Structures are given as C-alpha cells and as structure tokens.
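The structure appears below as structure tokens.
Numbering of ligands and ligand atoms starts at 1, following listing order. Since the structure is predicted, the reported quantities are computational estimates derived from the model, not experimental observations.
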Amino acid sequence: MPSNSVIIVGGGLAGLAAASALGRRGCSVTLLESRPRLGGRASSFVDKTTGAKIDNCQHVSMGCCTNFDHFCREVGIDHLLQPQPELWFIGPGGERSRFAASASPAPLHLLPALWRLAFLSTGEKRRLLSGLSALLKTKRSGETIAEWLAAHGQSPTVIERFWRVVLVSALSESLDRIDVSAARKVFADGFAAHRDGWRVTIPAVPLETLYGRELTDWLTRHGVEVRLQCGVKSVLVSDGTAVGVELRDGSQLDADHIILAVPQDRVSSLLPEEERQRGDLPDFDSLETAPISSVHLWFDRPVIDLPHAVLVERLSQWVFSRGSTPASDGGEPWHYYQVVISASHDLQGRLQSDVISQVVGELAEIWPDVSQSGLKHSRLVTEHKAVLSMVPGVDSLRPPQQSPVTGLQFAGDWTATGWPSTMEGAVRSGYLAAENILAAAGTSERLIRPDLRTGLLSKILFGL
Ligand SMILES: Cc1cc2nc3c(=O)[nH]c(=O)nc-3n(C[C@H](O)[C@H](O)[C@H](O)COP(=O)(O)OP(=O)(O)OC[C@H]3O[C@@H](n4cnc5c(N)ncnc54)[C@H](O)[C@@H]3O)c2cc1C
C-alpha cells in the first residue's frame with residue numbers, strides 16, 4: 001500500500017468526514033462499516049407497516065454548524081438540506097410565537113423574536129434577557145446550568161418555558177446534567193455571535209438517502225473504498241504502532257494509519273489486550289450518555305398546519321410534519337408526523353402505548369383536528385445511548401483524536417472537539433483526525449472550518 005493508506009472504522013459522520021477530507025487529498029482510504037448503510041446514529045429504517053423509510057429520529061442542524069455545512073457542500077449533498085426561514089414556539093395554552101431574526105445586527109437580531117414569546121410575561125422576558133446576558137458573559141464551568149440559573153434569578157416559569165425548552169433540545173440532557181459552559185456555547189453560537197447561527201436546517205429526505213448513494217458515489221470517485229457490512233474485530237498493533245485491522249471474517253488489512261470512528265463504548269473491545277492495559281488510554285466508561293426518543297404518528301388526514309413546532313412545557317418537545325405516505329390499507333395517503341423527546345430518561349419503564357397516547361393528547365390540545373382524525377399507525381423509537389451527556393467536567397474526559405497508540409486516531413462526537421455531541425461535533429472530529437494524519441505525512445493543513453464571524457457588537461457586549 002502507498003505510505004498514506006488509511007483505514008477508517010465506522011461510517012458515521014465522523015468517519016465520513018475523515019474519509020472525504022483524506023480521499024480528496026489523495027490518500028488511499030478504506031472505510032469499513034459494520035452495518036449495511038452509512039450515517040451511523042443519523043440513520044433510517046424501514047417501518048414494516050407503512051413500508052416507508054423513516055429516520056431513527058429527526059436530525060436538525062443550525063447555521064453555526066459550519067463544518068457539517070462544509071462537509072455536505074464538499075460531497076454534494078447540501079441540495080438535500082432545507083434551511084428553515086422561521087421557527088414556531090407553541091406555549092402551554094397553545095399561544096403561537098413566530099421566531100426569526102430581525103434586520104438588526106447580532107446580537108440584537110433575535111431580541112424582537114424573544115420579546116414576542118407569548119407565553120412569558122413582560123417581567124419574565126426582562127428576567128430572561130438579563131439571564132441571557134449574564135450567561136454570555138460568564139466564563140464559569142464545573143457547575144450545572146440548573147444551579148447557575150437558580151443563582152441568577154431565573155424563575156421556575158422562565159426556566160421551564162425557555163431555558164429547558166432550548167437547552168434540552170440542543171444538548172439532549174436535563175438541566176441538572178448540563179455544564180454551564182456547554183449551555184453558554186448553545187446561546188453564544190446559536191443566538192448571539194452571528195445573525196445566521198440560529199437558523200435551523202432540516203434534511204428534505206430520509207437520513208439514509210442523505211448519507212446514501214450520492215455520498216457513496218462521491219467517495220468512490222475520490223478514491224475511498226466503501227465497504228458495508230464489514231465489521232472490524234480488532235486493531236492490529238505491532239511494536240506499539242497500529243498497522244492494520246482484523247475483520248470479523250478473520251481476514252486482515254494493513255494501513256499506515258487507522259481511524260477508529262466508532263462510539264466510545266466500542267473502542268476498548270477493538271484494541272488488543274496489551275493496549276487495553278496501558279494506563280494512558282481514555283477512561284471510556286466515564287463518558288456518560290443520554291437517551292432520545294421519537295414518537296412516529298400516521299394520521300388519515302393532515303392534522304398539523306406547521307412544518308414543525310417547538311412545544312413548551314410538554315412531554316413532546318418538537319413536532320415535525322413529514323409529508324404523506326401511501327396508505328398500507330390501500331386507501332387515501334397517510335400523513336406522517338414525528339415528535340421528538342430529548343433526554344427521555346423519564347420514559348424508561350413506561351408503556352409505549354402510554355407515551356404515545358400522552359403525545360397524541362398533547363397534540364390534540366393544540367391541533368383539534370388530531371382528535372377528529374384516525375390514528376392509523378404509531379410507534380415509539382428510543383436510542384438509549386443517543387449522545388454524550390455534557391455533564392460538568394466532561395470536557396476534561398474527552399480524549400484528543402491522536403490516541404496514545406502511534407498510527408491510531410480516535411474520531412467521533414465523543415472526542416475533544418469543543419462541541420457537544422452532534423453531527424457538527426462528529427464532522428469536526430473526523431476533520432481533526434484527518435489533520436493529524438496529513439501532518440504525520442508531512443502536509444500540515446487546517447481542515448477545520450472557521451466559526452461564523454462574530455459580530456462586532458457581540459464582541460464588545462459579551463466578549464464572544
Ligand atoms: C435519536 C438521535 C437524535 C439526534 N439528533 C441530532 C440532531 O438533531 N442534530 C445533531 O446534530 N445531532 C443529533 N444526534 C447526534 C448525532 O446523530 C451524532 O452526534 C452523530 O451522528 C455521531 O456520529 P459519529 O460518527 O461520531 O458516531 P456514529 O454515528 O455512532 O458512527 C459510528 C459508526 O461505527 C460503526 N461501527 C461500530 N463498531 C464497528 C465495527 N466494529 N466495525 C465497523 N463499524 C463499526 C457503527 O455502525 C456506526 O455506523 C442525534 C442522535 C440520536 C441517536
């Protein structure tokens with residue numbers, strides 16, 4: 001093999017980003033994925049009742065996700081993404097608030113939208129704005145955002161109706177398990193630094209299509225050999241250097257560099273016993289995870305008049321209208337909706353039917369058509385280890401991409417990227433691992449894309 005041969009284990013966003021960057025720069029890349037499709041945790045499956053390809057969970061990205069955007073543009077799948085012009089918040093009493101940027105420069109662009117939040121009183125909005133300002137200025141970390149909010153005069157109503165709604169959706173954790181610095185990053189990048197940071201983008205196709213044929217063809221054209229259903233059993237290490245992998249079928253592949261782009265709880269089992277014993281490996285067990293659930297509903301008619309909405313003070317956090325699918329009973333098309341419940345710790349042990357009926361009841365309170373219509377089919381999907389929990393201190397536990405083993409890189413949303421566990425974080429980790437490999441081959445190049453440029457006023461006011 002040429003001296004820049006690379007094996008990437010794992011075809012999630014981290015492995016894909018590394019493969020795209022290295023393939024484009026002339027490396028000989030082999031991407032090994034154990035499942036029959038790419039995308040990892042951002043994936044779809046076929047619902048047997050409807051025959052439709054549905055996502056394990058709706059994935060969204062934001063304007064501040066500059067590396068994810070760059071990856072999608074590079075590999076030519078950005079045309080499958082739909083930037084959303086506005087969001088809708090729906091208060092506990094059904095109050096609708098449109099959320100979009102005004103013409104003002106950052107960080108003032110979202111002030112009118114925040115002021116329009118109909119489910120907060122004037123006093124609560126004042127308190128919220130002073131809390132946001134204080135959070136953006138703080139340099140603290142090591143305490144939970146729940147503790148910080150309580151100490152900074154945020155009332156239970158403001159916490160429930162605003163802070164919890166935004167942060168649980170963004171970080172998929174409960175407020176008593178989120179480090180204040182992770183919470184600050186959400187508001188700094190998403191709300192304050194740049195006018196476009198908040199802008200939500202949604203895939204127009206199932207995730208399996210987004211990370212499907214077009215992407216595979218692009219990778220193949222750029223010298224990446226993509227091997228699906230090709231599980232890796234172990235990394236081969238010789239004299240302290242990673243030299244290849246052993247596949248589950250017993251065959252071996254050699255390479256100059258290996259990237260392990262698998263979830264953190266899989267890494268240890270892929271390392272040889274003697275490497276597992278070394279004291280300088282990350283403590284993978286200390287990286288905690290959080291669950292995300294999604295409720296999939298098919299009605300016999302359209303029941304929701306918005307493309308998506310954020311629901312306040314309810315079990316259901318976001319609802320997405322996903323269009324119609326042919327009816328499996330041969331009648332009129334069914335209308336498909338997906339409700340996302342992040343940090344769904346409390347659903348554990350609850351009956352699926354009970355959760356679904358609570359969600360349908362909540363939707364019916366907001367959209368009366370829900371009670372008039374026929375619910376044709378429903379299902380609850382829970383990803384128990386959906387994302388890394390951004391608990392206080394977690395950043396000190398996330399390892400760099402260069403592993404202690406020569407020739408072996410780690411990649412994944414759990415590695416040190418400065419970002420929470422998201423598609424953006426995963427892409428960043430893949431680019432960082434690729435940077436290390438290029439540097440080892442003598443070609444130093446910065447692959448990480450810069451953040452959106454911080455507005456002057458945001459710098460002056462908050463030191464962003
Ligand atoms: C329910 C849910 C909702 C989410 N919502 C959002 C969202 O809205 N926005 C957002 O930005 N992020 C979201 N995320 C997070 C996002 O999906 C992840 O952060 C990202 O996809 C992680 O990518 P990764 O490459 O690090 O890991 P993974 O996607 O886990 O990829 C790892 C890959 O390695 C493969 N693998 C494992 N072992 C082996 C082996 N031995 N041999 C070969 N291959 C192997 C796996 O099959 C997998 O494909 C969500 C996640 C979940 C689960």
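- No side-chain donor from either of His308 and Gln58 sits under 3.5 Å from a side-chain acceptor of the other.
- Considering only heavy atoms from C-beta on, Pro302 stays 4.5 Å or farther from Trp367 through its side chain.
- Taking the side chain as every heavy atom from C-beta outward, Thr422 and Val387 never approach each other to under 4.5 Å.
- Polar contact check, Glu383 against ligand 1: no nitrogen or oxygen pair lies under 3.5 Å apart.
- Only the backbone of Ala261 comes within 4.0 Å of ligand 1, judged by heavy-atom distances.
- Those atoms of ligand 1 with a heavy atom of Gly412 less than 4.0 angstrom away are 26 (O).
- Ligand-side atoms of ligand 1 in range of Ile292: 1 (C), 2 (C), 3 (C), 4 (C), range being under 4.0 angstrom from any heavy atom.
- In this structure, a donor-acceptor pair under 3.5 Å is present between the side chains of Asn56 and Glu383.
- In this structure, the protein non-hydrogen atom closest to atom 26 (O) of ligand 1 is Asp413 N, 2.9 Å.
- Using the six-membered ring where Trp is involved, Trp198 and Phe99 have ring planes that are perpendicular, over 60° apart on the 30 and 60° scheme.
- With respect to atom 23 (O) of ligand 1, the closest heavy atom belonging to the protein is Ala426 CB, 3.5 Å.
- Contact annotation: Gly231 has at least one heavy atom less than 4.0 Å from an atom of ligand 1.
- Distances below 4.0 Å separate heavy atoms of Pro263 from the following atoms of ligand 1: 30 (O), 32 (C).
- Environment of CZ in Arg116: crowded, with over 12 heavy atoms of neighbouring residues, nucleotides or ligands closer than 6.0 Å.
- Ligand 1 is approached by Arg248 to a heavy-atom distance shorter than 4.0 Å.
- Of the protein's non-hydrogen atoms, Gly12 CA, 3.4 Å is the one closest to atom 31 (O) of ligand 1.
- When heavy-atom distances to ligand 1 are checked against a 4.0 Å cut-off, Leu32 comes that close only through its backbone atoms N, CA, C and O.
- In this structure, Lys233 places its NZ atom where only 12 or fewer heavy-atom neighbours from other residues, nucleotides or ligands lie under 6.0 Å away.
- Close approach to Arg266 involves these atoms of ligand 1, each under 4.0 Å from a residue heavy atom: 37 (C), 38 (N).
- Polar contact with ligand 1: present for Val60 (N/O pair, distance under 3.5 Å).
- Both the backbone and the side chain of Ala386 come within 4.0 Å of ligand 1, judged by heavy-atom distances.
- Among all protein heavy atoms, the one lying closest to atom 1 (C) of ligand 1 is Cys57 CB, 3.2 Å.
- With a 4.0 Å heavy-atom cut-off, ligand 1 is reached by the backbone of Val232 and by its side chain too.
- The heavy atom nearest to atom 43 (C) of ligand 1, out of those in Ala14, Ser34, Ser421, is found in Ser34.
- Looking only at atom types and distance, the side chain of Ser181 has no donor-acceptor partner in the side chain of Ser141 under 3.5 Å away.
- The parts of Arg41 lying near ligand 1 are both backbone and side chain, judged by heavy-atom distances below 4.0 Å.
- For the pair Met423 and ligand 1, the shortest N or O to N or O distance falls below 3.5 Å.
- With hydrogens left out, the protein atom closest to atom 15 (C) of ligand 1 is Val387 CG1, 3.7 Å, a heavy atom.
- Within the listing of ligand 1, atoms 47 (O) sit less than 4.0 angstrom from a heavy atom of Arg35.
- Side chains of Ser344 and Ser293: a donor-acceptor N/O pair is present below 3.5 angstrom, by distance only.
- Looking only at protein heavy atoms, the nearest one to atom 47 (O) of ligand 1 is Glu33 OE2, 2.6 Å.
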List the atom pairs, donor and acceptor, that lie under 3.5 Å between side-chain atoms in residues 394-402 and the rest of the protein, sequence neighbours left out.
unit_1	atom_1	unit_2	atom_2	d
Asp395	OD1	Arg398	NH1	3.2
Ser396	OG	Gly393	O	2.7
Arg398	NE	Trp414	O	3.3
Arg398	NE	Thr415	O	3.1
Arg398	NH1	Trp419	O	2.9
Arg398	NH2	Asp413	O	2.8
Arg398	NH2	Thr415	O	3.0
Arg398	NH2	Trp419	O	2.8
Gln401	NE2	Thr415	OG1	2.9
Gln401	NE2	Ala416	O	3.0
Gln402	OE1	Gln409	NE2	2.7

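- Counting only distance, with no hydrogens or angles, the side chain of Gln84 and the backbone of Glu86 share no donor-acceptor pair below 3.5 Å.
- In this structure, the protein non-hydrogen atom closest to atom 34 (O) of ligand 1 is Gly10 CA, 3.3 Å.
- With a 4.0 Å heavy-atom cut-off, ligand 1 is reached by the backbone of His59 and by its side chain too.
- No side-chain donor from either of Ser20 and Glu74 sits under 3.5 Å from a side-chain acceptor of the other.
- Side-chain contact annotation: Asp239 with Thr241, donor-acceptor N/O pair under 3.5 Å absent.
- Under 4.0 Å from ligand 1, the heavy atoms of Gln58 that appear belong solely to its backbone.
- Residue pairs meeting the side chain to side chain donor-acceptor pair (under 3.5 Å) criterion with at least one partner in residues 217-228, sequence neighbours excluded, are Arg213-Asp217.
- Residue Leu13 places at least one N or O, backbone or side chain, under 3.5 Å from an N or O of ligand 1.
- Residue Gly40 has at least one heavy-atom neighbour below 4.0 Å for each of these atoms of ligand 1: 29 (O), 31 (O), 48 (C), 49 (O).
- Between the side chain of Ser44 and the backbone N or O of Lys53, no donor-acceptor pair lies under 3.5 Å.
- No more than 12 heavy atoms of other residues, nucleotides or ligands sit less than 6.0 Å from atom CD of Gln348.
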